[in-house]
Amino acid sequence: DAALEARTAAEAAAKEAERAVATLLRGAADRREGLARLAGQVAAKRSRAEARAAEIERLESAAEAARARGEAAARDLGVLESEVAGVEEGEEGLDAAHEAALEALEAARAVLAELREQLAAARQDAVTARARTETLELSLDRKDAVGAVLAADDAALTEVLGTFAALLTVEPGFEEAVAAALGPAADALAVASVGGAVDVVRWLRTDDAGRASLVVAGAPAPADVPGVPVPDGAVHLPDVVTTTAALAGTVRALLARHVVVDDLAAARALVTAEPTLTAVTRAGDVLGALRGHGGSAAAPSVLHLQAALDAARAALADAESRETDLVARIEVAAAREAEAADVHEAALDRLHESDASIAAISEQLGHLGAGVRAAQAEADRATAALEQARTALAAEQAEHAELAARLEVAEAEPADSEEAVVEATAARDSAQQRATEARAAETEARLALRTSEERARALAGRAASLDRAAAAERQAAEKA
């Protein structure tokens with residue numbers, strides 16, 4: 001029991017010494033770990049401070065570069081704005097030139113269109129006049145004796161001058177009056193002399209071509225007939241007719257003392273006042289002191305048709321003249337229109353080029369403006385980040401200084417813990433030695449106890465064996 005108690009106490013002391021050593025070792029390890037952690041924190045803070053300083057340097061460079069880009073873009077923007085001002089001033093001149101060219105082109109086109117319309121009208125007038133002329137010529141194409149004489153190719157008819165009506169020119173509005181005053185002579189043939197008249201009559205008779213009225217040229221004008229005054233509004237009929245020199249005397253003789261009045265009432269008043277005159281109304285009624293004729297309108301007379309033919313030919317000639325003139329004017333107008341179109345096209349091209357240039361400069365202005373704003377924004381962001389980085393660097397530098405001071409203090413403490421570990425280790429080793437010795441003593445005590453016990457058990461067995469042998473002998477003796 002004493003050995004057991006001694007062993008138990010020695011082992012307990014050894015365990016306590018082991019715990020003390022472990023505690024000291026853990027404390028030393030913790031101090032070493034704390035120093036290492038603190039040193040790591042110091043190194044980390046130093047690295048972060050260095051990185052922050054590098055970041056600050058980078059941000060300063062970025063801010064400076066952004067400001068430089070902004071200043072360069074602002075300078076370029078100013079140069080471009082001055083260029084835009086110059087281009088816009090030129091643009092105003094180009095706009096004015098283009099508007100003037102456009103107005104000139106539109107005016108030239110309007111003139112050309114007007115001339116073309118006039119040409120179309122002139123051609124239409126020519127077509128109408130030509131058709132009317134052809135119709136009237138067909139109407140005047142005589143199929144009677146007069147026509148036969150005109151169509152004949154005979155040497156005996158050389159003094160035929162043509163139809164009398166074709167050789168007269170009557171003022172417009174007097175055709176019916178002149179035709180009525182002339183009577184059958186309006187449809188007559190004009191011949192150069194009395195001999196020519198004889199030749200015509202003989203030819204008509206010989207060829208059985210019918211009868212024809214004849215007017216002989218060369219008659220003297222009735223100069224011996226005194227002039228008679230006429231009332232207001234009335235006109236001497238010879239004064240409205242013109243003809244060739246050869247027929248002038250004949251015409252005046254045929255129309256002598258014939259006066260044109262407006263109506264039958266005026267004709268009656270004239271004849272009543274001057275019976276030697278013959279009144280002819282514009283409608284073709286003839287009234288004299290001895291004879292008269294008139295009534296409703298009959299078919300147009302040859303004189304009337306001839307006047308219409310002359311008017312149609314004049315209209316045709318006028319239309320053809322206008323057509324020729326308009327064709328020439330259209331050529332000139334077309335050339336002017338083409339020239340104006342070229343000028344307008346050139347002005348428009350210059351305007352488009354200017355617009356494209358302004359658009360390109362405006363786009364560059366937009367890019368430069370965006371560049372200035374972007375550079376300013378980048379500089380502002382870099383400045384803000386720089387301020388934040390400087391604040392953070394100051395804080396990290398302060399933390400680093402604090403941690404470095406703590407590390408320096410921790411590294412400067414005496415190494416009491418190592419001595420305590422050595423002493424505790426020695427105490428532990430001594431306690432373990434004593435525990436070992438106590439266990440050995442216990443073991444020897446146990447061995448001795450067991451030996452004694454074995455011996456006791458052997459003696460007890462022998463005694464029992466002897467008791468059993470004595471009992472057997474007693475039994476045997478008793479049986480004997």
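This chain uses plain numbering: 1 for the first residue, then up along the sequence. Here the structure is a predicted model, which means the values were calculated and not measured. FYI, side chains are in, hydrogens and waters are out, and symmetry mates aren't considered; it's all heavy atoms of this structure.
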More than 12 heavy atoms of other residues, nucleotides or ligands under 6.0 Å from CD of E339: yes or no?
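No, the 6.0 Å shell around CD holds no more than 12 heavy atoms from other groups.
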Kindly check if the number of other-residue, nucleotide or ligand heavy atoms within 6.0 Å of CD (E387) is above 12?
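Counting other residues, nucleotides and ligands, CD of E387 exceeds 12 neighbours.
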Could you tell me the separation between the [atom1] atom of [X] and the [atom2] atom of [Y], rounded to the nearest 0.5 Å?
| X | Y | atom1 | atom2 | answer |
| --- | --- | --- | --- | --- |
| L189 | L204 | CG | CG | 8.0 Å |
| L157 | R202 | CG | CZ | 11.0 Å |
| L255 | H236 | CG | NE2 | 12.0 Å |
| L316 | R132 | CG | CZ | 12.5 Å |
| T133 | R130 | OG1 | CZ | 8.5 Å |
| R336 | E331 | CZ | CD | 12.5 Å |

Evaluate the criterion side-chain contact (heavy atoms from CB on, under 4.5 Å) for residue pair V215 and L254; output intermediate values, then yes/no.
CA-CA 10 Å; V215 174; L254 290 173; 4.2 Å; yes
Within the 4.5 Å heavy-atom criterion, are [X] and [Y] side-chain neighbours or not?
| X | Y | result |
| --- | --- | --- |
| L264 | T281 | yes |
| R116 | I330 | yes |
| V146 | D187 | no |
| T244 | L161 | no |
| F164 | L247 | yes |
| V343 | L105 | no |
| L102 | E106 | yes |
| L270 | L287 | no |

Would you name the heavy atoms of [X] and [Y] that are closest together and state the gap between them?
| X | Y | value |
| --- | --- | --- |
| A181 | H258 | CB-CD2, 3.7 Å |
| A217 | A246 | CB-O, 3.5 Å |
| H293 | R291 | CD2-NH1, 4.1 Å |
| W203 | A148 | CH2-O, 3.8 Å |
| A347 | A101 | CB-CB, 4.2 Å |
| A122 | L326 | CB-CD1, 4.0 Å |

If you apply the rule side-chain contact (heavy atoms from CB on, under 4.5 Å), what do you find for E337 with D342, and how did you get there?
CA-CA 9 Å; E337 189 267 346; D342 292 339; over 6 Å; no
Is there a side-chain contact (heavy atoms from CB on, under 4.5 Å) between T243 and T250? Walk through the geometry before answering.
CA-CA 10 Å; T243 184; T250 303; over 6 Å; no
When you check the gap from the basic side-chain N to the acidic O, do D325 and R322 get nearer than 4.0 Å?
no
Answer yes when E274 and R257 have at least one side-chain N-carboxylate O distance shorter than 4.0 Å, and no when they do not.
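Salt bridge flag = no for R257 with E274.
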Hey, does the side chain of T324 reach the backbone of E320 with a donor-acceptor pair shorter than 3.5 angstrom?
yes
Donor-acceptor under 3.5 Å (D285 side chain, V280 main chain):
no
Dump the intermediate steps for side-chain contact (heavy atoms from CB on, under 4.5 Å) on R123 and V327, then the final yes or no.
CA-CA 11 Å; R123 286 174 173 169; V327 168; 4.0 Å; yes
